[in-house]
Amino acid sequence: MMTFLVLLLLLRGKHYLLFSFMCLLCSILPAYWRFEREPIRTKTLMFIAILIALAVAGRVPLAAIPSVQAASFIIIIGGISLGPELGFITGSTTALVSNMFLGQGPWTPWQMLAWGLMGLTAGLLGKTRIKKSLLLVVIFGGVWGFLFGWIMDLWYALAYINPLNLKSFILAFGASVPFDALHAGANVLLLTFLYKPWELLFNRLVQKYQLLSK
């Protein structure tokens, strides 16, 4: 990744999208490499696959409504229940699988990173007492509605805006605020009404089937 960043500086901003894409892959691939090498139970793999299927089902049917989907809700609950590493895998794979229905493109790795980081940070949150506070979890989901949009705004700016400067970045990020607000609102709504029962159900499944034991 450092090599790509040095090349980016040496080329004085040329091919910045290509090098940013390479840096993005460098940040995602190690997580999958570690996941492939770590011993993991078949039951755990099945549970992750079910979570991804639920997240995809929560995104694809609502694709006609911009930024409104239930995938983020599933990823947050999954991350809290399974931890940061499996939360990242769940989130990033959700983007990859759902785009098989909605269309793959250069935006896919950015969605993989955004949803992966959502699952990872949810996993870190799940290791604290914050997960017991509905209000804080709802705030977490609302904030990630905007963070997800900002990561995708970065992709949009690198791909389509020329010249790149502070003003153009502000305009690009500002234009997405209504869509980010819809994403955040969907997260807040779902977490408010469904977080407690779903979190209890997921924790029971994890404990009953010992999904996190080696």
Minimum heavy-atom distance [X]-[Y], with the two atoms named:
X: G142; Y: A184; value: O-CB, 3.2 Å
X: G105; Y: P109; value: O-CD, 3.8 Å
X: L182; Y: P66; value: CD1-O, 3.6 Å
X: F146; Y: D180; value: CD2-CB, 3.6 Å
X: A55; Y: A71; value: O-CB, 3.4 Å
X: M112; Y: I28; value: CB-CD1, 4.0 Å

| said: Going by the rule salt bridge (charged side-chain N to carboxylate O under 4.0 Å, His left out), which residues pair with R204 if we only count those two or more places apart in sequence or in a different chain? | reply: none
Same apolar cluster (I L V M F W Y, side chains within < 4.5 Å links), [X]/[Y]:
X: I50; Y: I75; value: yes
X: I52; Y: V206; value: yes
X: M118; Y: L62; value: no
X: L102; Y: W155; value: yes
X: L200; Y: L212; value: no

Going from [atom1] on [X] to [atom2] on [Y], what distance comes out if it is rounded to the nearest 0.5 angstrom?
X: L45; Y: I89; atom1: CG; atom2: CD1; answer: 10.5 Å
X: I65; Y: F179; atom1: CD1; atom2: CZ; answer: 13.0 Å
X: E36; Y: L29; atom1: CD; atom2: CG; answer: 11.5 Å
X: L211; Y: I48; atom1: CG; atom2: CD1; answer: 8.5 Å
X: S92; Y: L113; atom1: OG; atom2: CG; answer: 9.0 Å
X: I139; Y: S133; atom1: CD1; atom2: OG; answer: 7.5 Å

Is there a side-chain contact between [X] and [Y] in this structure, where contact means two heavy atoms from C-beta onward sitting under 4.5 Å apart?
X: I74; Y: V56; result: no
X: Y209; Y: T44; result: no
X: L82; Y: L51; result: yes
X: L147; Y: L117; result: no
X: I76; Y: T121; result: no
X: I130; Y: F140; result: no

| said: Before you tell me yes or no, could you show the steps for Q210 and R41 under side-chain contact (heavy atoms from CB on, under 4.5 Å), namely the whole-Å CA-CA distance, both residues' side-chain angles and the distance that decides it to 0.1 Å? | reply: CA-CA 9 Å; Q210 299 180 340; R41 304 182 68 183; 3.4 Å; yes
| query | Remaining members of M46's ILVMFWY cluster at a side-chain heavy-atom cut-off under 4.5 Å? | reply | none
| request: Could you label the plane-to-plane angle of the H183 and W115 rings as parallel, tilted or perpendicular, counting under 30° as parallel and over 60° as perpendicular? | output: perpendicular
| Do T93 and Y32 get their side chains close enough for a donor-acceptor pair, meaning under 3.5 Å? | yes
| message | Could you check whether N203 and E199, counting side-chain N and O atoms only, form a donor-acceptor pair closer than 3.5 Å? | response | yes
| request: Could you tell me whether a side-chain N or O of S176 sits under 3.5 Å from a main-chain N or O of F173, the two making a donor and an acceptor? | output: yes
Per-pair distances, 0.1 Å, donor-acceptor, side chain in residues 185-195, under 3.5 Å, sequence neighbours excluded:
from : atom 1 : to   : atom 2 : distance (Å)
N187 : ND2    : G141 : O      : 3.0
T192 : OG1    : V188 : O      : 2.6
Y195 : OH     : K131 : O      : 2.6

| task | Give a yes or no on this: more than 12 heavy atoms of other residues, nucleotides or ligands lie within 6.0 Å of atom CZ of F101. | result | no
| field | Neighbour count above 12 (heavy atom, 6.0 Å) for K127 NZ | value | no
| Which side-chain hydrogen bond (donor to acceptor under 3.5 Å, both in side chains) pairs, counting each pair once, include a residue from residues 95-104, with sequence neighbours left out? | R59-S98, R59-N99, N99-T108, N99-Q111, Q104-T108
| Tell me the ring pair (Phe, Tyr, Trp, His ring centres under 6.0 Å) pairs involving residues 44-92, sequence neighbours left out? | F47-F202, F73-W198
| field | Of all pairs that satisfy ring pair (Phe, Tyr, Trp, His ring centres under 6.0 Å), the ones with a partner from residues 119-138, not counting sequence neighbours | value | none
